[in-house]
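Notes follow once the structure below has been shown.
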Amino acid sequence: MGVVEFTDTELMICSAARLLEDRKTVFVGWGMPQVVAMLAERLYTPNLVQVFEFGAIGPRSLTPFVRGTMGGPSNVYQSLQWINMNWAFSYAVTGYIDYGMIGALQVDLYGNVNSTLLGGTYERPGRRFPGSGGGNEVASLCWKTIIVLKHEPRRFVKLLDFVTSPGYLDGPGAREKAGLPRGTGPWRVVTSKALIGFDEVTKKMTLLGVLRGVKVADVLEGMGFEPLLDAKLQEIEPPLDEELRILRQEVDPSGLIIRGERMRTER
Amino acid sequence: MGVVEFTDTELMICSAARLLEDRKTVFVGWGMPQVVAMLAERLYTPNLVQVFEFGAIGPRSLTPFVRGTMGGPSNVYQSLQWINMNWAFSYAVTGYIDYGMIGALQVDLYGNVNSTLLGGTYERPGRRFPGSGGGNEVASLCWKTIIVLKHEPRRFVKLLDFVTSPGYLDGPGAREKAGLPRGTGPWRVVTSKALIGFDEVTKKMTLLGVLRGVKVADVLEGMGFEPLLDAKLQEIEPPLDEELRILRQEVDPSGLIIRGERMRTER
Amino acid sequence: MDVLFEGQAEIRFTHPDDFREWVRTHKKREPVEKLMTEREAIARLVSDGDYLAYDFSSLTRGPQALVREIIRQRKRDLWVCAEFTLHESALLVGSGCASRIDVGFMGYGSYIGKVVAEGRVRVFEWTNGSLAFRMLAGARGIPFIPMRNLLGTDTLRHSGAKVVQDPFTGDPICLVPALNPDVFLVHVHQADVFGNARIFGTNLFALEAAMASKKVIVSCEEIIDPSEFRKEPSKTTIPYFLVDAVVHLPFGAYPGGVQGRYDLDLEHIDKVNAITNDQEMQVYLQEYIYDIEDHTTFLEKKVGWKRLQELIRRAAIKEGYH
Amino acid sequence: MDVLFEGQAEIRFTHPDDFREWVRTHKKREPVEKLMTEREAIARLVSDGDYLAYDFSSLTRGPQALVREIIRQRKRDLWVCAEFTLHESALLVGSGCASRIDVGFMGYGSYIGKVVAEGRVRVFEWTNGSLAFRMLAGARGIPFIPMRNLLGTDTLRHSGAKVVQDPFTGDPICLVPALNPDVFLVHVHQADVFGNARIFGTNLFALEAAMASKKVIVSCEEIIDPSEFRKEPSKTTIPYFLVDAVVHLPFGAYPGGVQGRYDLDLEHIDKVNAITNDQEMQVYLQEYIYDIEDHTTFLEKKVGWKRLQELIRRAAIKEGYH
């Protein structure tokens, strides 16, 4: 069947897009999640309702994606409702948002997310990043949170440098005990090599699938913790031609979003 | 100079309208306060900003006044902003509203207001009335509250049957101690015979003026408490011809609002 | 949390997590046709014992046709949010539909006062502002919200609010519990078949209550195409996924008016306000509700096109209502 | 009130009564002309040490011309609300204007991260949602508001929020303090000379922040007649009495765009994001801000009419923006 070439970014976008359900709502964070939602809407979930933190409810975002935009006219095109940030988050708090999608610098075994800093102390971090944005809200309030990050072992750590947004904290029941809404939490972690879920009982990360041609050992190597392994480990299909066509020709013809490390896999 | 004839309602409307300051804001309650604001706007305070609890900010209400209306098109005509109830009260809580105007079934020495019930118990009141409406908000949150009620001795009582909206509660400092915003409270009581204020130190009702031709003893007779008497007791001028003309011809040509007990006074 | 004072009213309180669960399982995210008759909407979505809220008043853009249908279907034991309300409370209590009222403003006319005095309906004391604020908390998914008023009064004593010491200022502050009605009725200018809705003019808490309520029934003057909403998203008051039923009811606010469309009918309103006892109430209910099949028949037999034309003609002010 | 947990951040907190007092004495209720130059507005209304907030982002409808004027006037020791922000934080810190940042989203580009890491600016940890919610509390005149998130995280630990036991559910709940900025900057589509303002499209917290802030500066694309506002009151985002200055600044969001008017200029935005150190920052500030007299000169000398025409041309989507 030949070989397909793609970037790690493209792979993550496609894997994440396949996870979304049609006829559901998704809280879309800045950057990659926007592109994921666009791809999903065009290919898999025509009735997906996107919600943006700045108050755009149900837009049908236009392509091409304008780099950096969040709130521009093509981003919020043909929304159902334009309102403001407090209302946008209200939809999430009251249980109207099925999926949330955020990025991460680091994650731990329980799906807690760091997007604030790496190394050093809070006052003098080794490297400082933008912080929560709306990520803490998304990870706290949407029913199922999807975390998207590159599969670099250093990003999967035993102890986060900073807990920006809550996963299952220190295990089962901890979210509810902290006062977070019942029944929420991280649902999937999409990486450039694997698809990870969470064990229903222990709330620990559970490897659900690996990219075609990638070995499980490669996925686990160098991670700061060992996730559980699902009994029925899936093979993740590399990006489909149609997915890549939409991404490269419609969504991001400039290639500035989807660029990344080059990968190749058998079709 | 002859004699002027008017109703007690007309007198109260005119007295209250003269109290409002131009270039200020006023939170307007249902019924008589609406007519007061209309008269004031036409005659004394062209730049008064009216605020209605249902979200009309700064309307230039049209005449004639539509009986019972609160929210109808002529009531909210040419507003600055149409919004909702939570926002309307927000203007009051944040200190933007200078005057509030409410009615009352009963008042006590400290300007506490009952508009809920007369007699009996809470569960089995002798007579039950509409309750606070937005009155509690107005009396709690506007800087200066004007209370308008008919001068019937039984309405001025030692102990209210029910404290619906706060005056100075049980005396100086009590509002602040209860948690109400600093520096607020009842400012004037407009009746069909008198104008009453509040002593700055004791917060007790203080008679400021009586209608031309009315004796102080008549005002005090039968009241359940004795207000302080202001050193410079004013004479309240009966309704002016121009006031009556506007009320009777422009604001309420049907006469359904301004009707009441007939009174007469020397011009 | 140290409670300094606690009002004694019973409250209808839903744990925010239980409300979320309802939304998760009952609220459809996709656009589905929700157009139905008022009979169907009320039969399906209003249950005995429900907590009921509605937007605006008997005089202006109140959901009067839907309220009449509730009475027609003889729903029982409703708990009513009497926010800024006028004669709805009287009709709902007089018809035996409502047994409890959260009072903001309970309406004029002598009937309702009398039945309260006779202890035939339980009332709980709030204010227009606190009920609207409770609705805001319900829509924000938080269990309570602080207020700077109610404090110091008997209104507080007979409410379900609590006073605590504010941990930021040290001062006493009033906390009111979130309100999450079972049913919210709202009459709007325009809606589409999926439930997207537009109100022109002010509102009490249309979006708050739609978001805070388990079931939302929209009645509308006009059905418009769904694509209209996406052309002017700032005009959308309520998006479709909050809504469970859409009922096309022109003149649905009668005898109240709808801004820019038709004026209120004061003569009919006076008729309701003139009711002073049960017998008169029954006569009114019989004539205008029980004996009438539906809203269309009501308009035809009890109002008449000539009268409606007159009310349309009187609604001369169109500014801002589009 | 039993505090279960307390974040350790310093907060800028104004007692609601002190804020009310400010509003009482400083905010004119009558319509007076407030049109002035950006120089005048910033000189009069922004003081060293002020807490500064603004609506939307560097990319869309941010008050960029006003921010540049703040930098030009070398204001000092500002505390910035970095809500949903992109490069404003970098510019305000790089120019030495800001010394403290409440972080919602601090912006991209490597410069700002570096100066934080070097401890040259103090940061406090919040989220976009909690800063917006704090602003809502400020606008509601309440000292705090409860939230269902922040809980369980280091974000909470480094915020100024408190966790208490909710007296209605018994569960832990997070309380965030009201935010009442000293200055709020907002760039709008249309304003009149009194300060009435309209935004078309979404906003972060335009009305909340205008109501919560001591001083409000509106810059606008277009000045319209005051009578326009009274014809369509639903379109009024901010009424005049909340506003202290109106500055007519067409293209005032540049290099960001304004919906329906002009597109963002990604080339210029990339130039800002490419700044990695103080030297490059100084070069940028010198060329685009310090050496430039005012916004008009900036457009003329640093952008050019040809470029602006191109950005207008690119803003092809007009739906909803009127």
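Within every chain, numbering begins at 1; the chains are lettered A, B, ... in the order of the sequence lines, protein sequences first and strands thereafter. Note that the structure is a prediction, hence the values are computed from the model and not measured.
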Got [X] and [Y] here, is their nearest side-chain heavy-atom distance under 4.5 Å?
X	Y	value
Y51(C)	L179(C)	yes
F229(C)	R198(C)	yes
Q259(D)	R61(D)	yes
L264(C)	T60(C)	no

Y262(D) side chain to R313(D) backbone, donor-acceptor under 3.5 Å
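Flag not set: sc Y262(D) to bb R313(D) has no pair under 3.5 Å.
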Is the backbone N or O of F124(C) less than 3.5 Å from a side-chain atom of D102(C), with the two atoms forming a donor-acceptor pair by type?
no
Above 12 or not: heavy atoms from other molecules or residues under 6.0 Å from CZ of R157(D)?
no
Look up atom CG in D192(D) and atom OH in Y240(D), then write down how far apart they are to the nearest 0.5 Å.
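If we round to the nearest 0.5 Å, D192(D):CG and Y240(D):OH are 10.0 Å apart.
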Short N-O contact, K214(D) and D50(D), less than 4.0 angstrom
no
Could you go through the side-chain contact (heavy atoms from CB on, under 4.5 Å) check for V103(C) and H158(C) one step at a time?
CA-CA 10 Å; V103(C) 178; H158(C) 292 280; over 6 Å; no
Contact residues of residues 146-156 of chain C (partner chain D; heavy-atom separation under 4.5 angstrom):
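So far as heavy atoms go, P146(C), M147(C), R148(C) are the residues that approach chain D to under 4.5 Å.
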Give me the contact list for residues 125-141 of chain C versus chain D, heavy atoms only, anything under 4.5 Å, ordered by residue number.
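Near chain D, by residue number: F133(C), L136(C), R140(C), G141(C).
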Select, from E232(C), H15(C), K162(C), the one with the greatest count of heavy-atom pairs under 4.5 Å involving chain D.
K162(C)
Option in E6(C), H322(C), K231(C), K235(C) with maximal non-hydrogen atom pairs under 4.5 Å from chain D
K231(C)
Under a 4.5 Å heavy-atom cut-off, does chain D meet the side chain of F168(C), its backbone, both or neither?
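Both backbone and side chain.
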Residue part contacting chain D, namely of D171(C), when any heavy atom lies under 4.5 Å:
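Just the side chain, heavy atoms under 4.5 Å.
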Least distance between heavy atoms, V246(D) atom then F194(D) atom
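Scanning both residues, the minimum pair turns out to be CG2-C, 4.2 Å.
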